[in-house]
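Notes for the one structure printed next.
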There are 2 protein chains.
Amino acid sequence: MTYNHPKFLVAVDCVIFGYEDSELKVLLRHRDFDPGKGGWSLPGGFVNEKESVEDAALRVLFETTGLKDIFLEQIYTFSEPNRDPGERVISVSFFALIKIQDHDTELVGKNGAHWIPISELPELIFDHKVMVDQALLALQTKAANEVIGRELLPDFFTFNQLVDLYYAIYKRPFDPSNFRKRVKSLNVIERLNFKDKANSRKGAFYYRFKEPEQIEPYSRMVFRLHNQR
Amino acid sequence: MTYNHPKFLVAVDCVIFGYEDSELKVLLRHRDFDPGKGGWSLPGGFVNEKESVEDAALRVLFETTGLKDIFLEQIYTFSEPNRDPGERVISVSFFALIKIQDHDTELVGKNGAHWIPISELPELIFDHKVMVDQALLALQTKAANEVIGRELLPDFFTFNQLVDLYYAIYKRPFDPSNFRKRVKSLNVIERLNFKDKANSRKGAFYYRFKEPEQIEPYSRMVFRLHNQR
DNA sequence: GCAAAAGTGTTGATGATACACCCATGT
DNA sequence: ACATGGGTGTATCATCAACACTTTTGC
């Protein structure tokens, strides 16, 4: 049997976060087609027959970065009838985390995509700014509930890199000493027996994330996002 | 200009929570039509032209409960190609909170809808069980971040009713004394000068929620959902 | 006066914050 | 030996959980 109701174009838009040079960045596309020609947009695409929105998002991610097996999370569905001035499109937004150093820079360039620091966001078309804001909030929430970084940092990293990542995500300072204590207590990373000597004479040990199966559940960071009053 | 891509049926499904007889309940429909005939489903409906998914959900809510101005929050979009055996349908789930005592019971009956305690959920069609589980989690999260009850309890209520609501939502006990202290400290409810004398000789004061504009921001309950380890 | 529920107070444990201090090393 | 960032320890304060206690009232 079939239903008799209106049908809609369905698209996905991806807020792809990366971390580089102590900055949180988003992958944006410069639009060379209408609608929104000349403006900036999130990488996105239409959903195909026999494809879930998650699969469509993974396809878009592969097309723009050349990477598979990417962290991906659905965020919200935007459906205002006039949100796309061209034609009605219902769009599902996602956020993704990738290690910038791993991606295919050639592909990225070919697609007119660019890594833009979150602090220097240009005007975005349609409701894409809202998507970025929601994605950033989701990233902050994720970072509060677990030690983030597995999908953003290099495989080996120092505590300084980790705390700098948190600083970039939250735009607020963290006491390095207390941060270190907290992260260590959660038992999700392990120290390696070599150091980064580039930034100090003493050298800072490298760490890496443990394999997921070695990690106990409920290892939350739980610092207050809003620590006023 | 227009796009040339496949189009899809888009629907909404609503997890409507109510609170009655110290139990958290969900409004379910008994299906007298295919697919899923004879089973239980969430109230839902297809999205119309020129209607956002939020508007569609509000319409479904009005049709099943007779109520407007309902608390409503989008949760997730389900898009597996085969999730509906009839034809491909992409469905956006919502959760809603209503005061059971306010609703139009006649309408509800006419639609084959029933209030089912969350602890006695029957088998649900398609992926509707997942929708309920996600909605319950969203409700628990909301209850942890603010004092919930404005949309579920009668206008006047006692502290016991409030703590019982929390018990129903979390299925775990709360120390009445500490709960009371916590809620009072958040300054979101105010005591009225009359009592419920039905359950004790002393009588328990009635309270009501303050108007939203009288409430300071960041009044979170913040008790741990998972208080193991 | 006493039972029973409403409501308050106290205490010890836990966790967060601020910050002083020690460590290792290249020059 | 000292400057520099890496890393540890500690004192203070806020918050939470447990539970003893007091209050109010009808019978």
Side-chain angles (χ1 to χ4, degrees), chain A residues 22 143-147 153 156-167 170 172-208 216 218-229, chain B residues 22 143-147 153 156-167 170 172-208 216 218-229:
Chain A
S22 299
N145 284 331
E146 65 192 90
V147 184
L153 292 174
F156 308 145
F157 54 89
T158 65
F159 255 106
N160 271 334
Q161 287 178 271
L162 187 58
V163 76
D164 283 348
L165 169 62
Y166 267 80
Y167 179 71
Y170 278 101
R172 83 150 157 93
F174 291 86
D175 181 309
S177 155
N178 295 327
F179 183 88
R180 185 182 212 97
K181 241 177 303 183
R182 180 95 198 121
V183 171
K184 280 174 94 167
S185 76
L186 297 177
N187 280 314
V188 297
I189 64 175
E190 58 193 358
R191 202 176 82 176
L192 303 171
N193 59 358
F194 55 98
K195 290 180 166 188
D196 163 36
K197 311 269 285 185
N199 297 304
S200 74
R201 299 162 207 260
K202 184 176 177 180
F205 277 108
Y206 278 110
Y207 288 77
R208 72 167 167 219
E216 308 110 274
Y218 306 122
S219 310
R220 352 185 85 202
M221 294 294 282
V222 279
F223 36 64
R224 302 211 181 0
L225 298 199
H226 317 280
N227 54 354
Q228 42 272 68
R229 54 168 303 122
Chain B
S22 298
N145 286 330
E146 66 192 271
V147 184
L153 292 174
F156 307 145
F157 55 89
T158 65
F159 255 106
N160 271 335
Q161 288 178 272
L162 187 58
V163 76
D164 284 348
L165 169 63
Y166 267 80
Y167 179 72
Y170 278 101
R172 84 154 157 88
F174 291 86
D175 181 309
S177 155
N178 294 328
F179 183 89
R180 184 184 214 97
K181 241 178 300 183
R182 180 95 197 120
V183 171
K184 279 174 95 168
S185 75
L186 297 177
N187 280 314
V188 297
I189 64 175
E190 58 192 359
R191 202 176 84 176
L192 303 170
N193 58 0
F194 55 98
K195 290 179 166 188
D196 162 38
K197 310 269 285 185
N199 296 302
S200 75
R201 296 161 210 255
K202 186 178 177 182
F205 277 107
Y206 277 110
Y207 287 76
R208 73 168 166 217
E216 308 110 275
Y218 306 122
S219 310
R220 353 185 84 201
M221 293 294 282
V222 279
F223 36 64
R224 302 208 182 4
L225 298 198
H226 316 280
N227 55 352
Q228 42 271 68
R229 56 168 301 119

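Here is the naming used below: chain letters follow the sequence lines, and residue numbers restart at 1 for every chain. These values consider heavy atoms only, across backbone and side chains, with no hydrogens, waters or symmetry-generated copies.
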OP1 or OP2 of C:dA5 under 4.0 Å from side-chain N/O of B:Asn160: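 So the side chain of B:Asn160 is outside the cut-off, no N or O lying under 4.0 Å from OP1 or OP2 of C:dA5.
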N/O (side chain, B:Arg180) to phosphate O (OP1/OP2, C:dA6) under 4.0 Å: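 Checking C:dA6 against B:Arg180, no side-chain N or O comes under 4.0 Å of OP1 or OP2.
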Contact pattern, 5' to 3', of nucleotides 18-26 of chain D - B, S or - by protein heavy atom under 4.0 Å: BB---BBBB
Sequence neighbours left out, cut at 3.5 Å: what donor-acceptor pairs do the side chains of residues 192-199 of chain A make with other protein atoms?
{"residue": "A:Lys195", "atom": "NZ", "partner": "A:Lys202", "partner atom": "O", "Å": "3.2"}
{"residue": "A:Asp196", "atom": "OD1", "partner": "A:Ala198", "partner atom": "N", "Å": "3.0"}
{"residue": "A:Asp196", "atom": "OD2", "partner": "A:Asn199", "partner atom": "ND2", "Å": "3.1"}
{"residue": "A:Lys197", "atom": "NZ", "partner": "A:Arg201", "partner atom": "O", "Å": "3.4"}

From B:Tyr166, B:Tyr206, B:Tyr207, residue fulfilling ring-ring contact (aromatic ring centres under 6.0 Å, His included) relative to B:Phe159: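 Looking at B:Tyr166, B:Tyr206, B:Tyr207, the match for B:Phe159 under the ring-ring contact (aromatic ring centres under 6.0 Å, His included) is B:Tyr207.
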Separation of [X] atom [atom1] from [N] atom [atom2], in whole Å?
{"X": "A:Gln161", "N": "D:dG6", "atom1": "CD", "atom2": "P", "answer": "11 Å"}
{"X": "A:Arg182", "N": "D:dT8", "atom1": "CZ", "atom2": "C1'", "answer": "18 Å"}
{"X": "B:Phe179", "N": "C:dT8", "atom1": "CZ", "atom2": "P", "answer": "15 Å"}
{"X": "A:Asn199", "N": "D:dG7", "atom1": "CG", "atom2": "P", "answer": "11 Å"}
{"X": "A:Asp196", "N": "C:dT25", "atom1": "CG", "atom2": "P", "answer": "14 Å"}

Residues forming a side chain to side chain donor-acceptor pair (under 3.5 Å) with B:Arg208, sequence neighbours excluded: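 Partners of B:Arg208 under the side chain to side chain donor-acceptor pair (under 3.5 Å) test: B:Glu190.
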A:Phe174-A:Tyr167 aromatic ring centre distance below 6.0 Å: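 For A:Phe174 and A:Tyr167, the ring centres are not under 6.0 Å apart.
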Point-to-point distance, once rounded to the nearest 0.5 Å, from CD1 of B:Ile189 to CZ of B:Phe157: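 The CZ atom of B:Phe157 is 5.0 Å from CD1 of B:Ile189, to the nearest 0.5 Å.
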Interatomic spacing from CG in B:Leu153 to OG1 in B:Thr158 - rounded to 0.5 Å: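 Result: 9.0 Å between the selected atoms.
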Sugar-phosphate only, base, or nothing, as touched by A:Phe159 at under 4.0 Å among non-hydrogen atoms: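 A:Phe159: no heavy atom of the nucleic acid under 4.0 Å.
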